[in-house]
Amino acid sequence: MAGTTPVSDARARTRAPTVRAVAAGAVGNLVEWYEFAVYGFLATVLAERFFAPAGGGSAEALVRAYAAFALALFFRPLGAVLFGRLGDRWGRRPVLLAVVALMTGTTTLIGALPTYATAGALAPWLLTFLRVIQGLSAGGEFGGAVAVLTEFAPPGRRGLYGAWQSFTVALGLLLGVGVAAATATLLSDAQLASWGWRLPFLLALPLGLVALWLRSGLTETPSFLAHGRAPEARTVRLGPGVLLLAAARVTGWAAAGYTFLVVLPSYLQVTLHADVRQALLSAALANAGFAAAILPAGLLSDRVGRRPVLLAGAVLVTVTAVPVLDLLQDQGASGVAKGAALVGAGAVVGLMAGPGPALLAETFPTRVRWTGLGLAYALANAVFSGCAGLIITEAVRRTGDPDIPAYYAAAACAVSALALLKRPRTEVG
């Protein structure tokens with residue numbers, strides 16, 4: 001055909017599966033984190049509809065809602081092992097289809113659940129059960145998505161391609177806060193509490209169908225075809241030492257991300273007495289900063305290395321978390337200053353989220369990559385993210401100290417900084 005050459009045709013054939021792989025690998029994370037964001041941003045409403053009738057005030061009900069949130073993340077490691085072993089043995093594509101279907105189905109069902117007023121004590125148990133299933137599917141999603149993105153990446157571009165996983169996390173969070181904010185703005189408080197809270201969860205169905213369509217056309221990764229099915233690959237084993245080190249390296253990313261990007265709206269409402277719309281706007285600003293920093297951070301890590309970029313983010317959170325929270329509490333500070341602080345806090349988390357997926361992928365060989373990186377990430381999230389809302393809300397309630405979220409994020413990032421100082425393993429293929 002006129003205007004084409006063998007070289008251009010070859011480049012087009014190389015680009016096509018790569019573009020499809022980026023879209024298919026990343027889209028499941030958008031669905032997953034959209035749901036997690038909606039649950040976090042509407043936690044006060046869910047607490048009232050599902051947990052408040054059990055007795056106690058609004059703070060106690062919110063603690064129960066976050067307990068269900070935390071329980072789901074404690075099932076992530078199990079999901080990482082279950083789906084990771086399947087994905088490492090049978091291939092990336094079929095298992096990625098299964099986990100996004102499971103996540104879509106359970107999220108949609110949450111939107112159809114009866115509340116405590118209708119089903120009584122069964123209602124919170126049904127919500128918690130669906131959250132557990134979501135935890136299992138989410139545990140499998142991360143490892144498979146990162147494996148696909150990094151294994152399709154061209155040489156020297158793993159940081160950038162892996163960053164697309166985190167970028168779609170940011171998009172999912174932004175979509176979640178956007179839908180939650182629009183729902184809260186367009187509906188009255190009574191409508192939101194009665195039936196409006198269901199709409200963001202039901203929206204997961206069309207999002208999940210798009211994800212399934214994209215993944216249905218995904219091909220197997222070159223790395224898995226070359227190394228995953230080799231007889232010697234079956235002898236590869238995961239060591240607890242490397243798993244714990246990998247988890248410690250992303251602990252700060254997990255804790256700071258949940259603190260500033262997901263837990264923030266409920267914290268602002270319950271502790272600083274902001275209304276739901278102000279709280280959601282604050283979360284949107286933080287998530288916008290987060291999204292803007294991810295891809296540049298991943299690209300930078302391809303040039304200077306993963307650890308320096310991650311270490312910079314961890315150190316910055318450690319030293320700035322308390323000043324940022326103090327600024328948000330300062331009634332004399334301008335709205336512009338508070339908005340800039342929120343955007344900056346999100347961007348610093350993005351410094352860790354950009355190179356984080358590639359760093360985890362390069363820690364484990366192909367045959368155990370899905371299981372290894374998924375389990376390391378799930379462990380960090382189960383301990384430091386899933387418990388974030390529960391620990392922060394309960395600690396603030398008991399101590400009255402509004403700086404608790406800052407202490408929590410700073411301590412976790414200090415742990416990551418120490419782990420990142422340890423000499424890295426040799427990069428694997």
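In what follows, every heavy atom counts, from backbone to side chain, and hydrogens, waters and symmetry copies are set aside.
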Taking C-beta and beyond as the side chain, do [X] and [Y] meet within less than 4.5 Å on heavy atoms?
| X | Y | answer |
| --- | --- | --- |
| Glu35 | Ile110 | yes |
| Val100 | Leu212 | yes |
| Phe152 | Val22 | no |
| Leu373 | Thr363 | no |
| Trp370 | Leu96 | yes |
| Val27 | Trp213 | no |
| Phe224 | Arg367 | yes |
| Tyr39 | Leu127 | yes |

Check against salt bridge (Lys or Arg N to Asp or Glu O under 4.0 Å), Arg92 and Glu141: CA-CA 10 Å; Arg92 314 312 194 196; Glu141 171 65 36; over 6 Å; no
Do the two ring centres, one from Phe167 and one from Trp33, sit under 6.0 Å apart?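 Ring centres of Trp33 and Phe167 not closer than 6.0 Å.
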List the atom of [X], the atom of [Y], and the distance in Å for their closest heavy-atom pair.
| X | Y | value |
| --- | --- | --- |
| Ala138 | Glu32 | CB-OE2, 3.4 Å |
| Leu310 | Pro355 | CG-CG, 3.8 Å |
| Gly372 | Leu243 | O-CD2, 3.5 Å |
| Ala419 | Leu245 | O-CD1, 3.8 Å |
| Ala254 | Ala380 | CB-O, 4.0 Å |
| Thr318 | Ala414 | OG1-N, 3.5 Å |

Do any N or O atoms from the side chain of [X] and from the backbone of [Y] form a donor-acceptor pair under 3.5 angstrom?
| X | Y | answer |
| --- | --- | --- |
| Ser334 | Ala337 | yes |
| Arg93 | Leu218 | yes |
| Ser301 | Arg306 | no |
| Gln191 | Ser188 | yes |
| Ser137 | Gln134 | yes |
| Ser416 | Ala248 | yes |
| Lys338 | Gln329 | no |
| Thr185 | Ala181 | yes |

Would Leu207 and Tyr34 satisfy side chain to side chain contact (heavy atoms under 4.5 Å, CB included), going step by step from the backbone distance to the final call? CA-CA 10 Å; Leu207 292 175; Tyr34 166 79; 4.0 Å; yes
Carefully, step by step, assess Trp197 and Phe50 under the rule ring-ring contact (aromatic ring centres under 6.0 Å, His included). CA-CA 12 Å; Trp197 64 268; Phe50 286 89; 5.5 Å; yes
Kindly compute the distance separating [atom1] ([X]) from [atom2] ([Y]), expressed to the nearest 0.5 Å.
| X | Y | atom1 | atom2 | value |
| --- | --- | --- | --- | --- |
| Leu300 | Leu160 | CG | CG | 11.5 Å |
| Leu244 | Leu379 | CG | CG | 7.5 Å |
| Leu342 | Asn287 | CG | CG | 10.0 Å |
| Thr108 | Leu209 | OG1 | CG | 8.0 Å |
| Leu328 | Ser282 | CG | OG | 7.0 Å |
| Phe83 | Leu102 | CZ | CG | 5.5 Å |

Can you tell me if Glu151 and Thr221 form a side-chain donor-acceptor pair at under 3.5 Å?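 Yes, side-chain donor-acceptor contact under 3.5 Å.
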Quick one: do the Thr371 and Arg85 side chains pair a donor with an acceptor below 3.5 Å?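 The criterion, which ignores hydrogens and geometry beyond distance, is not satisfied for Arg85 and Thr371.
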I would like to know whether Ser223 and Thr366 meet side chain to side chain donor-acceptor pair (under 3.5 Å); could you show each step before the answer? CA-CA 7 Å; Ser223 182; Thr366 301; 2.8 Å; yes
Hey, what's the ring geometry for Phe142 with Tyr377, parallel, tilted or perpendicular (30° and 60° as the breaks)?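 Correct class here is parallel.
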Check the pair Tyr161, Trp164 against ring-ring contact (aromatic ring centres under 6.0 Å, His included), reporting the backbone distance first and the verdict last. CA-CA 5 Å; Tyr161 273 61; Trp164 279 99; 8.2 Å; no
With sequence neighbours excluded, residues passing side-chain contact (heavy atoms from CB on, under 4.5 Å) with Asp189: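 Asp189: side-chain contact (heavy atoms from CB on, under 4.5 Å) contacts with Arg277.
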Let me know which of Val309, Leu420, Val317, Thr251 forms a side chain to side chain contact (heavy atoms under 4.5 Å, CB included) with Met352.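 Passing option: Val317.
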Identify the residue among Thr115, Leu192, Leu203 that makes a side chain to side chain contact (heavy atoms under 4.5 Å, CB included) with Arg198.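 Exactly one candidate clears the test, Thr115.
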Go through it in stages, so that I can follow the logic: the residues are Leu375 and Val81, the test is side chain to side chain contact (heavy atoms under 4.5 Å, CB included), and I'd like the CA-CA distance, side-chain angles, deciding distance and then a yes or no. CA-CA 6 Å; Leu375 184 54; Val81 173; 3.9 Å; yes
One pair to check against ring-ring contact (aromatic ring centres under 6.0 Å, His included): Phe51 and Trp125. What are the steps and the verdict? CA-CA 10 Å; Phe51 297 97; Trp125 286 106; 9.7 Å; no
Kindly confirm or rule out a cation-pi arrangement of Arg49 over Tyr116, judged by NZ or CZ under 6.0 Å from the six-membered ring centre and within 45° of its axis?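 Checked: cation-pi criterion not met.
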Under 6.0 Å from the CH2 atom of Trp195, do we count more than 12 heavy atoms belonging to anything else shown?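 Result for CH2/Trp195: enclosed.
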Exactly one of Arg307, Arg249, Arg158 should register a salt bridge (charged side-chain N to carboxylate O under 4.0 Å, His left out) with Glu362. Which one does?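 Answer after filtering Arg307, Arg249, Arg158: Arg158.
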Is there a side chain to side chain contact (heavy atoms under 4.5 Å, CB included) between Val38 and Thr107 once you walk through the steps? CA-CA 10 Å; Val38 166; Thr107 302; over 6 Å; no
What do the steps show when you test Val210 against Leu214 for side chain to side chain contact (heavy atoms under 4.5 Å, CB included), and what is the final call? CA-CA 6 Å; Val210 172; Leu214 284 170; 4.3 Å; yes
